[in-house]
Amino acid sequence: MKKILAPVALLIGTLAFSQVEKDTIESKAKEIEEVTFVARKPTVESKVDRTVFNVANSSILAGNTTWDVLRMTPLVSIDNNDALKAEGESVTVYINDRKSVFTGKELKEYLQTMPADNLMKIEVITSPSSRYEASGSVINIVLKKRDDEGLKGSVTFNNRQNTQNSQYTNLNLNYHKKKFTQTLVGSYSDNVWVQKNSLLNTLYENNEVTKIDNDIIYKGKNPSISSTSEYEINDKNSIGAIFEFYKGIRSNSSETNAIINQNDNFERSYIQNQTSSSSNPTFGTNIFYKYYDKEKNRILDVSLGTNYDAESDNSYYLKNTLTKTGAAYVDEIGVLTDVENRNYYVKIDYTQSLGKSGGTFEVGGKMNFNNNVIPNSLYGILPNGLSKNDTFRYEDNINSLYANFSKTFFKKLETRIGIRYEYIDYKIGQDIAGTSRKDSYGSFLPNLLLKYSFSDKYDLSLTYNRNLWRPWYSEFNPFLLPRNDGLYTRGNMDLNPNPSDRIYMKFGFLKKYFLSARYTFTNQDYWTDYVVENGAKPEDKKTISQESNFTGNVHKYFLYANTNQSFLKNKLSVNFSFGWNYIDNSDFNERNDLKGDKYLSYWAGSSNLTYTNLFDKNINLSAWVEVSNQNNGNSYANKTNIFHNISATKIFPKTQMEFSLQLMNIFGRPNFDSTSFSQIGTFRNSSKSDWYGFSLTFVKRFGNQKVKENTKTDVEKNSGGGK
């Protein structure tokens, strides 16, 4: 940690001294003629229900994609499975208040094609109102809106050097004339990602220990294009359409070496080589209508959309096994998959200010239909216990209604009360195996927000949220498939949703310092579990990972401190946060016969520093450091990771060009190391990340680059409390 903080502190200290000296020498009357980035807002704003990361004028955007900036967003972390989390909890991602259809690795790849240059801000909403389809916290990615007359845009070229080289390019165009606005964004990336995994799996029975070394090379070529058209019919009515296309053309190869011992005696070993190629096209369309009455502060949003996602994959596994008797055998498994997912929805939102009372009423609903099909076919020399083919089908209909009421009393007490009701009807099944499940249930999800301002410098807020996290459709699929490390994986048709309750308190003082405390409770969840299935012969034994239901009370406590500071005439902006986490897993572990720690306690923190216009030479600097652990359910971190990023950008205002250099984790390569506990044993996975090295970026802009926020009215800014 000292190795990282020392050079960063030295860098900032040197810049601060140089800038103070320069300001003293130069005349105070001198004005800077050309400053491209002007900080109008603090980099990080802490509000009652969310933390806002204002990045529009920050040097942190240069050379990064939206995914990269999310990594550096306060409260946000990303685990070794590329799952986004806020304060350690699962999140739902929105883009301009429109729910993203992507999750997991697909979300990562999509956001990697979205240039950070388009970002206005990132909102981490830890206490979302009933308007959001949230099963936890919400990350809302707000893009810039350009509506000055004429054509404007930018071209970006990026070259990134990790273990191997990757390239990224982007074209961003915007045209506005009178009442019509058209935005077109196209990008293409060619990425190579190298990962090294070490697994140590211990089964309690016979003290069986498996040591696995796994090297993987991922390659992906990802073209994408998005188009947004909006036309203002008159002062109150506007219509628009959004079209998105993304395609993942992927291939990967891996080599695995494993040794299995029982009671310290050699049992068997294997070497597995795997190759895979896949194509994943995604189409999204959205047509929207908006009514906005300025005088009466009424807003009506109507949105209809469809999403289509497909994946064609061909994976081949060659596994050579040697037993303690000297016998050798070969498994040759080919996997063909051709997934098709269809989504249709209609959504209506209405917001109304209640005249002189000062209240705001919000109501809306959504109808959502999903139809997902996953066919799997196996070929080759298959081990016993594997089905050759089957087709998994998942269909659901989710209907939801919500209402929010917000009002301020005595000019000091802000309130918001909301309720959301969701009803899901779904059916799942396999064509050949004949297994099926049909279920439906409704859920009321209340939320409450209170904020009392003692003065303009001191305030105290309290929020409550009831959440429900549902299994993803693929997690239900019970078809048994090989993994690239020699183990197997499958879904579980018996999975249940995870309900939770969250209470959050925040105290703000002097508009710069914030202290918060959070309590989260759940009594049922689902996590990755492991089972062992024995065959007729020892070589048919399989260790299988699957999602399983875990009952038991889990209590999570969190204390957090955050401050935002500006120095040197607002040129240096610093955000620093630090938190303490405590998890009570005692009941959870006892009920599920897990031998993990009953009580967990750990620290986590992050800091963002940005320096604008160094030496009045249009040089912007940024630095970011994060210290974090990842403890989730039955999985415990063995190592504290320290992430860091340093970048410098030189801007040429007259030619509207900029160059940037970015250094990623150069003082230490991240290593995700955790142990999962199951009834049958422990499973440790250590993954050495490829997120390190450097990148160079060139950006050429043209036209008027002025932007404004997407919100139009006080109703939109204030509805939902604390926006």
Side-chain angles (χ1 to χ4, degrees), residues 81 83 103-106 201 203 274 276 278 309-315 317 319 331 333-342 370-380 382-396 424-441 469-498 524-536 540-551 592 633-635 676 678-681 683:
N81 293 315
T103 62
K105 292 185 181 296
E106 290 182 348
N201 303 333
L203 303 181
Q274 178 254 350
S276 176
S278 65
D309 176 37
E311 182 173 9
S312 178
D313 181 88
N314 186 355
S315 297
Y317 303 81
K319 185 177 182 181
D331 291 329
I333 308 173
V335 183
L336 297 175
T337 304
D338 190 12
V339 180
E340 289 191 358
N341 304 320
R342 294 175 176 85
N370 291 288
N371 186 344
N372 305 320
V373 180
I374 307 179
N376 289 113
S377 299
L378 305 185
Y379 63 89
L382 307 182
N384 293 330
L386 290 186
S387 300
K388 287 192 174 182
N389 59 79
D390 212 330
T391 299
F392 175 76
R393 301 180 186 274
Y394 174 91
E395 296 179 20
D396 74 23
I424 181 172
D425 185 356
Y426 66 96
K427 57 182 180 180
I428 54 183
Q430 290 177 290
D431 288 357
I432 296 177
T435 55
S436 63
R437 177 184 176 188
K438 185 176 182 180
D439 204 351
S440 62
Y441 56 88
W469 184 265
R470 294 189 182 90
W472 191 237
Y473 74 93
S474 59
E475 294 175 326
F476 286 113
N477 184 10
F479 194 81
L480 189 61
L481 293 169
R483 294 194 337 188
N484 58 21
D485 55 12
L487 306 186
Y488 293 84
T489 185
R490 68 183 174 203
N492 185 351
M493 292 179 66
D494 296 323
L495 289 181
N496 295 319
N498 165 223
Q524 192 276 314
D525 206 344
Y526 68 94
W527 296 99
T528 300
D529 193 13
Y530 291 85
V531 297
V532 171
E533 293 184 356
N534 295 309
D540 293 331
K541 184 177 182 179
K542 300 176 184 64
T543 301
I544 304 167
S545 68
Q546 65 177 32
E547 301 301 299
S548 297
N549 297 315
F550 286 86
T551 58
N592 297 285
N634 61 327
S635 180
S676 296
S678 177
Q679 293 90 340
I680 65 170
F683 299 82

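Since this is a predicted model, take the numbers as computed values, not measurements. FYI, side chains are in, hydrogens and waters are out, and symmetry mates aren't considered; it's all heavy atoms of this structure.
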Asker: Under 4.5 Å between any side-chain heavy atoms of Phe476 and Tyr394, yes or no?
Answerer: yes
Asker: Would you say Asn376 and Thr337 are linked by a side-chain donor-acceptor pair, where the criterion is simply a distance under 3.5 Å?
Answerer: yes
Asker: State, to 0.1 Å, how close Gln524 and Pro497 come at their nearest heavy-atom pair, and which atoms those are.
Answerer: OE1-O, 2.5 Å
Asker: Quick one: pull up CG in Asn370 and CG in Asp309 and give me the separation to the nearest 0.5 Å.
Answerer: 11.0 Å
Asker: Looking at Asn498 and Trp469, would you say the former's side chain and the latter's main chain have a donor-acceptor pair under 3.5 Å?
Answerer: no
Asker: Would you say the side chains of Tyr473 and Asn341 form a donor-acceptor pair under 3.5 Å?
Answerer: yes
Asker: Are Tyr317 and Val335 close enough, and set up right, to give a side chain to side chain contact (heavy atoms under 4.5 Å, CB included), and what steps lead you there?
Answerer: CA-CA 8 Å; Tyr317 303 81; Val335 183; 3.9 Å; yes
Asker: Mind running side-chain hydrogen bond (donor to acceptor under 3.5 Å, both in side chains) on Glu547 and Thr528 for me, showing each step along the way?
Answerer: CA-CA 4 Å; Glu547 301 301 299; Thr528 300; 2.7 Å; yes
Asker: Using 0.5 Å steps for rounding, measure from the CG atom of Asn389 to the CZ atom of Phe479.
Answerer: 6.5 Å
Asker: Apply the test side chain to side chain contact (heavy atoms under 4.5 Å, CB included) to residues Phe683 and Ser678: give CA-CA distance (whole Å), side-chain angles for both, the deciding distance (0.1 Å), then the verdict.
Answerer: CA-CA 8 Å; Phe683 299 82; Ser678 177; 4.1 Å; yes
Asker: Closest approach of Tyr530 and Ser545, non-hydrogen atoms and distance?
Answerer: CE2-CB, 3.6 Å
Asker: Are any side-chain N or O atoms of Asp390 and backbone N or O atoms of Ile432, one a donor and one an acceptor, separated by less than 3.5 Å?
Answerer: yes
Asker: If you compare all heavy atoms of Asn549 against all heavy atoms of Tyr526, which two are closest, and at what distance to 0.1 Å?
Answerer: OD1-CB, 4.1 Å
Asker: Regarding Arg393 and Asp431, does a basic nitrogen lie under 4.0 Å from an acidic carboxylate oxygen?
Answerer: yes
Asker: What I'd like to find out is whether the side chain of Pro478 reaches to under 4.5 Å of the side chain of Phe392, using heavy atoms alone.
Answerer: yes
Asker: Does Asn592 reach the main-chain N or O of Thr551 with its side chain, forming a donor-acceptor pair under 3.5 Å?
Answerer: yes
Asker: When you compare the side chains of Asp313 and Ser276, does any donor N or O come within less than 3.5 Å of an acceptor on the partner?
Answerer: yes
Asker: How far does CD of Gln679 sit from OG of Ser548, to the nearest 0.5 angstrom?
Answerer: 7.5 Å
Asker: Once rounded to the nearest 0.5 Å, what's the spacing between atom CZ of Arg437 and atom CD of Gln430?
Answerer: 14.0 Å
Asker: With rounding to the nearest 0.5 angstrom, report the OG to CG distance, Ser440 to Asp396.
Answerer: 12.0 Å
Asker: Could you give me the CA-CA distance, side-chain angles and deciding distance for Tyr488 and Glu533, then say whether side chain to side chain contact (heavy atoms under 4.5 Å, CB included) is met?
Answerer: CA-CA 11 Å; Tyr488 293 84; Glu533 293 184 356; over 6 Å; no
Asker: Starting from the C-alpha separation in whole Å, work towards a yes-or-no answer on side chain to side chain contact (heavy atoms under 4.5 Å, CB included) for Leu378 and Leu481.
Answerer: CA-CA 9 Å; Leu378 305 185; Leu481 293 169; 4.1 Å; yes
Asker: How about Gln546 and Thr489: does a side-chain donor come under 3.5 Å of a side-chain acceptor?
Answerer: no
Asker: So how far is it from Arg470 CZ to Trp472 CH2, rounded to the nearest 0.5 Å?
Answerer: 12.0 Å
Asker: Under 3.5 Å, is there a donor-acceptor pair between the side chain of Asn634 and the main chain of Asp529?
Answerer: no
Asker: Are any of the side-chain heavy atoms of Ile333 and Pro383 separated by less than 4.5 Å?
Answerer: yes
Asker: Would you check if Ser315 and Gln274 make a side-chain contact, meaning some heavy-atom pair closer than 4.5 Å?
Answerer: yes
Asker: Does a side chain donor of either Asp439 or Tyr441 reach within less than 3.5 Å of an acceptor in the other side chain?
Answerer: no
